[in-house]
Novice: 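First, the structure itself, so that you have it in front of you.
Throughout, a chain's letter reflects where its sequence line sits, starting with A, and its residues are numbered from 1. Atom set for the values below is all heavy atoms of this structure, side chains included, hydrogens, waters and symmetry mates excluded.
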Amino acid sequence: MPVDKKHLGRRYGPYRFQVSVEQIKDFVAATGGGVPGHAFSSPPDRYHHPWTWDEEAAKASPHGGIVAPPTFATTFAIEPFARACSDPELAVNVLRLVHGEQEFEFHEPVRPGDVLETAGEITRLQERGNLDFVEVTTTTRNQHGRVVVKGVWTAIVRN
Amino acid sequence: MKRLQDFTAGDTFELVREVDPYRPVYYAGASGDFNPIHIDPELGRAAGYQGVILQGMCTFSWLSDACVGYLGDPTRLVRLRGRFTKPVQVGDVIRIEGRCVAVEGGAVKLELSARNQRGEDVLKGAVAEGRVEER
């Protein structure tokens, strides 16, 4: 069943997320061919920019320390989208759902110690044939009140 | 580090990533995305796939990694978008190819493709933009 259009504009969050250097390194390991964690783990074995995981190299960089890779944003900014997809009011079957489209606008680097808040809103509900599009737009701000990243997340549900 | 004059329309770059059997689980742990279709092969099959599928956002990260490698600084990437067109499964080898299509002021505009070992697009319409400031 398609999602009821009355849910357009439904809001989720804000959700709080405190960034640690371990989370950034885990993300880099997982996306760079390594193994995250602190037991049986290994660093990225495929190219990953050293300023995102090598503390010595990052210290000598213009940023003076580790900066998160841009798509680390997924870890904190996904929450309103995931909440919408599993919202009982929307009644989406998660097994029939795929992530269809993604867009990010990166405004400020994310660093260890940042405290981020992400809020989201359903910005599009559309049927196309037997496919149902659910779009959530998110905005994340840091502890200085500055926008860090904006995301547009689109789920496609096969009805 | 590369400067603005080092970026030219027509530049190309690429990145290759293999999807080993544990990759979806590692990515789940590091990203917090524990949707069971990325963890449980039986559920993946129930959803119509051969087994688990890789999180689309992991592939999306590879697009970003390719761009960051070309731009030379993770903070230079200001925009990235794409459409997921085919699930990525364990055993796949994903090749990201990028091309600089324009340099306008400090804006470096990029187009990307992401294909599996069969040459099928797993993402389409992928575009990115870097901002390179003169120092």
Novice: Between H63(A) and D73(B), is there a side-chain heavy-atom distance shorter than 4.5 Å?
Specialist: yes
Novice: According to a 4.5 Å side-chain heavy-atom criterion applied to Ile, Leu, Val, Met, Phe, Trp and Tyr, with indirect links allowed, do V19(A) and W51(A) form part of one hydrophobic cluster?
Specialist: no
Novice: E101(A) and F84(B): which non-hydrogen atoms are nearest, and at how many Å?
Specialist: N-CD1, 3.9 Å
Novice: Count the heavy atoms of every other residue, nucleotide or ligand shown that sit under 6.0 Å from CD of Q5(B), and state whether that count exceeds 12.
Specialist: yes
Novice: Evaluate the side-chain proximity of F106(A) to L80(B): yes if any heavy-atom separation is below 4.5 Å, no if none is.
Specialist: yes
Novice: For R118(B), look at atom CZ and say whether over 12 heavy atoms of other residues, nucleotides or ligands are found less than 6.0 Å away.
Specialist: yes
Novice: If you count heavy atoms of other groups shown closer than 6.0 angstrom to CZ of F34(B), is the number above 12?
Specialist: yes
Novice: What's the separation between atom OG1 in T75(B) and atom CZ in R111(A), rounded to the nearest 0.5 Å?
Specialist: 8.0 Å
Novice: Determine the option with the most heavy-atom pairs under 4.5 angstrom with chain A, choosing from G82(B), P87(B), G56(B), A47(B).
Specialist: G82(B)
Novice: Name the option with the most non-hydrogen atom pairs under 4.5 Å to chain B; the candidates are P69(A), A68(A), P109(A), G100(A).
Specialist: G100(A)
Novice: How about R16(A): does its CZ atom have over 12 heavy atoms from other parts shown lying under 6.0 Å from it?
Specialist: no
Novice: Linking I/L/V/M/F/W/Y whenever their side-chain heavy atoms sit closer than 4.5 Å, directly or via other members, would I53(B) and V122(B) fall into one cluster?
Specialist: no
Novice: In this structure, are over 12 heavy atoms from other groups packed under 6.0 Å from K59(A) atom NZ?
Specialist: no
Novice: Calculate, to the nearest 0.5 Å, the distance between atoms CH2 and OG1 belonging to W62(B) and T31(A) respectively.
Specialist: 8.5 Å
Novice: Quick check: do P70(A) and V68(B) have side-chain heavy atoms less than 4.5 Å from each other?
Specialist: yes
Novice: Answer yes or no: does atom CD of E14(B) have more than 12 heavy-atom neighbours from other residues, nucleotides or ligands under 6.0 Å?
Specialist: yes
Novice: Is N35(B) in contact with chain A via its backbone, its side chain, both, or neither, using a 4.5 Å heavy-atom distance?
Specialist: side chain
Novice: In this structure, would V67(A) and V148(A) fall into the same cluster of hydrophobic residues linked by side-chain contacts under 4.5 Å?
Specialist: no
Novice: Flag yes if more than 12 heavy atoms outside R158(A) fall under 6.0 Å of its CZ atom; otherwise flag no.
Specialist: yes
Novice: Measuring from atom CD of E105(A) to atom CD of E129(B), what distance do you get when rounded to the nearest 0.5 angstrom?
Specialist: 9.5 Å
Novice: Measuring only between side-chain heavy atoms, which start at C-beta, is F27(A) closer than 4.5 Å to S61(B)?
Specialist: yes
Novice: Following the transitive rule for hydrophobic clusters with a side-chain heavy-atom cut-off under 4.5 Å over Ile, Leu, Val, Met, Phe, Trp and Tyr, establish whether V152(A) and V127(B) coincide in one cluster.
Specialist: no
Novice: Tell me, side chain or backbone of L77(B) under 4.5 Å from chain A's heavy atoms, or both, or neither?
Specialist: both
Novice: Is any side-chain heavy atom of M57(B) closer than 4.5 Å to a side-chain heavy atom of W153(A)?
Specialist: yes
Novice: If you compare all heavy atoms of G72(B) against all heavy atoms of H49(A), which two are closest, and at what distance to 0.1 Å?
Specialist: O-NE2, 2.9 Å
Novice: Evaluate whether atom CZ of R124(A) has more than 12 neighbouring non-hydrogen atoms of other residues, nucleotides or ligands under 6.0 angstrom away.
Specialist: yes
Novice: Kindly compute the distance separating CZ (R83(B)) from CD (E103(A)), expressed to the nearest 0.5 Å.
Specialist: 12.5 Å
Novice: How many angstroms lie between OG1 in T71(A) and CG in L63(B), if you round to the nearest 0.5 Å?
Specialist: 9.0 Å
Novice: Grab the two heavy atoms, one from Y26(B) and one from A30(A), that are nearest each other, plus how far apart they are.
Specialist: O-CB, 3.6 Å
Novice: Side chain, backbone, both or neither: which part of V28(A) has a non-hydrogen atom closer than 4.5 Å to chain B?
Specialist: neither
Novice: Closest approach of A29(A) and R23(B), non-hydrogen atoms and distance?
Specialist: O-NH1, 3.6 Å
